[in-house]
Asks: 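Have a look at this one before I ask anything.
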Amino acid sequence: GGEIPMDVRLGSGQLVSEELMTLGESLSQTSDPSLKLFQCAVCNRFTTDNLDVLGMHMGAERSLPEEEWRAVLGDSHQCKLCHYTTQLKANFQLHCKTDKHVQKYQLVAHIKEGGKGNEWRLKCVAIGNPVHLKCNACDYYTNSLEKLRMHTVNTRHEASLKLYKHLQQHENAVEGEACYYHCVLCSYSTKAKLNLIQHVRSMKHQRSESLRKLQRLQKGLPEEEEDLTSIFTIRKCSSSDTGGWEEEGWGRGRLGSNQSLSPVCVDIQARVFKGED
């Protein structure tokens, strides 16, 4: 066959195995179809497509039940957050107004918004920048809303955004909640559109795409434009048919044994805009 594309070679000349590429892709997959473009990585719960709304969430005033952060032991007033103790109430009140206390108080309250599963973060709370944000489409983390804004104007994010909006537009035409976003080229299916967007940039998909282009060249066919309508689809099944799908750990879907895709499934083709890394 043709020469192996460069993006599947390691520096030493070894080839990247199918298992390694699949494992690498699985690490960035989400099991939550409701995730949107941007996410607060402090509470790890709030998600939105709007940066201004994300900024409002980060700047919101928060509170804690008094018993969770202060205690009075005899004549001593204790701040559990800062490990501060004083016998003078006036000093304690002054402490509560310091930047150090206010920042830690707000950060702890914000972390607790994420529920019990998020409280492990309390063990590593440190005074510093309490802003931790994520672009789910690009798996990009930052500690600044401005940096996140700058990220949204780069080529890679803009390409992801075009695909994200296009998928949104087509999924809105499908009634019900059970959608499978499918890459025909890689036999990859997932319930979360963000997984499909990240899959497009994966080494596995890039290899499949390179091989496809190579095959077209070998057959003397003209190079295609970025319209990959025949490769990316949204599959909608009725509730009685969704049980036939098994979404594997890395989001790759397949039909269960001895089952086939029901005729009631509707394929809605989506145009893909591929970005640069």
Asks: N50: what forms a side chain to side chain donor-acceptor pair (under 3.5 Å) with it, not counting sequence neighbours?
Replies: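 Counting only residues at least two positions away or on another chain, N50 forms no side chain to side chain donor-acceptor pair (under 3.5 Å).
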Asks: Is there a path of hydrophobic side-chain contacts, each under 4.5 Å between heavy atoms of I/L/V/M/F/W/Y residues, joining L35 to V53?
Replies: yes
Asks: Any link between L122 and F46 through a network of hydrophobic side chains (Ile, Leu, Val, Met, Phe, Trp, Tyr) touching at under 4.5 Å?
Replies: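 Result: yes, single cluster for both.
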Asks: Just how far is it from atom NZ of K193 to atom CG of L163, taken to the nearest 0.5 Å?
Replies: 10.5 Å
Asks: Strictly by salt bridge (charged side-chain N to carboxylate O under 4.0 Å, His left out), give each pair with a member in residues 36-61 just once, sequence neighbours left out.
Replies: D52-R149
Asks: Could you pull out all residues at least two apart from Y140 that satisfy ring pair (Phe, Tyr, Trp, His ring centres under 6.0 Å)?
Replies: H151
Asks: Would a 4.5 Å heavy-atom cut-off, applied to side chains only, mark R212 and L185 as touching?
Replies: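 Sidechains of L185 and R212: in contact.
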Asks: Could you give the distance from SG (C40) to NZ (K134), rounded to the nearest 0.5 Å?
Replies: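 Interatomic distance, C40 SG to K134 NZ, rounded to 0.5 Å: 12.0 Å.
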Asks: Donor-acceptor pair, Y105 side chain versus L64 backbone, under 3.5 Å?
Replies: yes
Asks: Starting from M56, can I reach L54 by hopping between I/L/V/M/F/W/Y residues whose side chains sit under 4.5 Å apart?
Replies: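 Looking at the clustering, M56 is in a separate group from L54.
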Asks: First locate atom CZ of R216, then atom CG of L214, and finally report the distance between them rounded to the nearest 0.5 Å.
Replies: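 Result: 12.0 Å between the selected atoms.
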Asks: Any donor and acceptor pair, going by atom type alone, linking the side chain of S76 with main-chain N or O of Q87 inside 3.5 Å?
Replies: no
Asks: Say you draw a straight line from OH of Y180 to CG of L196; how long is it, rounded to the nearest 0.5 Å?
Replies: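 Atom-to-atom, Y180:OH and L196:CG are 14.5 Å apart.
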Asks: Hey, what do you get for SG (C43) to CG (L107), rounding to the nearest 0.5 Å?
Replies: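 Taking SG in C43 and CG in L107, the distance rounds to 11.0 Å.
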Asks: Side chain of S160, backbone of R156: donor and acceptor closer than 3.5 Å?
Replies: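 Present.
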Asks: Suppose we screen for ring pair (Phe, Tyr, Trp, His ring centres under 6.0 Å). Which residues come up paired with H110, at least two apart in sequence or across chains?
Replies: H57
Asks: Answer yes or no: is there a donor N or O on one side and an acceptor on the other, between the side chain of Q198 and the main chain of N136, under 3.5 Å?
Replies: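 Yes: the side chain of Q198 pairs with the backbone of N136.
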Asks: Is the backbone of T85 close enough, under 3.5 Å, to the side chain of H77 for a donor and an acceptor to pair up by distance?
Replies: no
Asks: Measuring from atom CG of L194 to atom CG of L37, what distance do you get when rounded to the nearest 0.5 angstrom?
Replies: 6.5 Å
Asks: Do the non-hydrogen side-chain atoms of N91 and Y84 ever get within less than 4.5 Å of each other?
Replies: yes
Asks: Could you list the residues that satisfy side chain to side chain donor-acceptor pair (under 3.5 Å) with Q215, not counting sequence neighbours?
Replies: none
Asks: Restricting to pairs with a member in residues 63-87, which pass salt bridge (charged side-chain N to carboxylate O under 4.0 Å, His left out), not counting sequence neighbours?
Replies: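 Matches after skipping sequence neighbours: E68-K112.
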Asks: Report the C-alpha separation of E158 and K162 in whole Å, then their side-chain angles, then the decisive distance to 0.1 Å, and conclude whether the salt bridge (Lys or Arg N to Asp or Glu O under 4.0 Å) test is met.
Replies: CA-CA 6 Å; E158 287 182 342; K162 287 178 182 178; over 6 Å; no
Asks: S208 side chain to K204 main-chain N or O, any donor-acceptor pair under 3.5 Å?
Replies: yes
